[in-house]
Amino acid sequence: MAVKVRIPTPLLSLTGGKKEVEAEGATLKELIEDLERRYPGLKERLCDEEGNLRRFINFFVNDEDIRFLQGEETPLKDGDVVSIVPAIAGG
Amino acid sequence: MFVKGLKCRECGRGYPKEPIFVCEWCFGPLEVEYDYEAIKRVLTRKEIEKRQPNIWRYRELLPIDGEPICGLNTGFTPLFEARNLAEALGIKKCYVKDDSVNHPTLSFKDRVVAVALSKAREFEFKTVACASTGNLANAVASHSRASGFDCYVFVPYDLETSKILSSLIYGVNLVAVEGNYDEVNRLCAEIAMTFRWAFVNVNLRPYYAEGSKTYGFEVAEQLGFRAPQNIVIPAASGSLVTKIYKGLQEFYALGLIPEFKTRFYVAQAEGCSPIVNAFKEGSNIIKPVKPKTIAKSIAIGNPADGVYALDIVRKTGGYAEAVSDEEVIEGIKLLAETEGVFTETAGGVTVAVTKKLIERRIIPRDEEVVICITGNGLKTQEAVINHLKPVIRIKPNLEDFKNHIKGGE
């Protein structure tokens, strides 16, 4: 069960420069754990000290903001695309 | 000249002056850091007053190192005492800061774009771009021609005709995205990672946003170098709120104004009020919304600076309020009929929210209020076209005229 994950520029150093990687997980939360196994150091960049998703990162599952879905419990399935996008833009 | 570098607003990590906008560690927004000690030595009231009436009279507090390349007539728009409006609102004193006549594209966005494009030239970009609800696209399009950049502007496909036309006239590339502003914004963030373009409100955002401080500087200077008691500001991303606050704070720190006790009020439309919702729920988290309002210029459902705007409202003892689309139209008409100023829908939001806050005595009636008008009504005519008096159409003779005019003689 593979999900495609789009990596933003600031995290490319952790994925060896790969802008798109694959990972697995039934939910976004599990996906982040799997990303951490594959690319150590990624989790602390995505989550704060308490383990919550950082407030200036937006996560999208198939182009929908996860805050309109089920947050980090949003279910994932084979072929889904997860985008990690810095929140600070626009306006 | 006076810029030390960039600093993350969340974790405090420092960065050099580059076209970057997020902290590589925590994704927090980067903020321009100045050498205020050095600025204090050169920037006095007298010095400012000697300079040309445009945004660059505050250039030590703007993040460019060389000479500005555009916006030489931008800013220093009227701040006038609105006596008729004050009477209609039932408040002691009311001022309107009127960026509906900003040069050259009739909105406050000329300020931020002048700064961003000057910075884009320093960074040696050839192409400038933006994600916009209209006004910003107009400003980027216009200034890009004046300063010789290639230009791409990205907007939601369903904007007002005049906002589309007011970009296209400059011969730039306008991309209408089949989605709302937040989707345009997200797309632009991804394009900015792929193309080496200066997206003014993405990779140049730390510099760009500083331009909004000039709105606050001017309010203070035009009041005779003092901060107002109350100020009502429309909020989309929340950036203008945070930068007016920063501007007044800098003036205070530099000794240019004697005190800074202004209460900040945020105005949004009910169909897109994520900051107001968080304020009223007592929450520190801004929950995004899907916008549905005629106030398209401020229809940002996922406001980048929402948490900071919210914080300013709370710590200054202000308030955040929203109004319906009907109230927005009434707000536009009220400003037009009392002060002869035709503002766009965002201005209608600000006037209507001010009215509501005064009626509820949240803004005290025995104080003064500054209303921030940020855009021009000619760009959003669709919003009011069905809400105006009918045209008096007559035959070209006196008799027919008399038939139509009651009590004229």
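Just so we're on the same page: letters track the sequence lines, and every chain starts at 1.
Within residues 178-185 of chain B, the residues that have a heavy atom under 4.5 Å from a heavy atom of chain A are B:Y181, B:N185, listed by number. For residues 41-48 of chain A, heavy-atom neighbours of chain B at less than 4.5 Å comprise A:E44, A:R45, sorted by residue number.
For B:K109, the part lying near chain A is the side chain, with the backbone staying farther off; criterion is any non-hydrogen pair under 4.5 Å. Heavy atoms closer than 4.5 Å to chain A are found nowhere in B:F199, neither backbone nor side chain. With a threshold of 4.5 angstrom between heavy atoms, B:A131 does not approach chain A through any atom at all. Heavy atoms of B:V307 lying under 4.5 Å from chain A belong exclusively to its side chain. For B:L30, no part lies near chain A; criterion is any non-hydrogen pair under 4.5 Å. For B:N302, the part sitting under 4.5 Å from any heavy atom of chain A is the side chain, from C-beta outward, and nothing else.
Distance check, rounded to the nearest 0.5 Å: CG of A:L53 to CZ of B:F27 gives 11.5 Å. Atom-to-atom distance recorded for B:K290:NZ and A:D65:CG is 8.0 Å, nearest 0.5 angstrom. How far CD of B:E190 is from OG of A:S83: 5.0 Å, rounded to the nearest 0.5 Å. For the atom pair CD1 of B:I286 and CZ of A:R67, the computed distance is 9.5 Å after rounding to the nearest 0.5 Å.
For NZ of B:K246, the number of neighbouring non-hydrogen atoms (other residues, nucleotides, ligands) closer than 6.0 Å is greater than 12. The number of heavy atoms from other shown groups lying within 6.0 Å of OH (B:Y157) does not exceed 12. For CG of A:L12, the number of neighbouring non-hydrogen atoms (other residues, nucleotides, ligands) closer than 6.0 Å is greater than 12. Environment of OH in A:Y39: crowded, with over 12 heavy atoms of neighbouring residues, nucleotides or ligands closer than 6.0 Å. Dense packing is recorded around NZ of B:K17, with more than 12 heavy atoms of other residues, nucleotides or ligands lying under 6.0 Å away.
Using a cutoff of 4.0 Å between basic side-chain nitrogens and carboxylate oxygens, B:R186 and A:D63 are scored as salt-bridged. The existence of a salt bridge linking A:R54 and B:E10 is excluded, since no basic side-chain nitrogen approaches an acidic carboxylate oxygen closer than 4.0 Å.
Chain A forms more heavy-atom pairs under 4.5 Å with one residue of B:V289, B:N203, B:I285, B:L136 than with any other, namely B:V289.
Aromatic rings from A:F56 and B:Y308 are positioned such that their centres are separated by under 6.0 Å.
Here the closest heavy-atom approach between residue B:A304 and residue A:A87 is recorded as CB-O, 3.8 Å.
Side chains of A:P10 and B:M193 form no contact here, defined as non-hydrogen atoms less than 4.5 Å apart.
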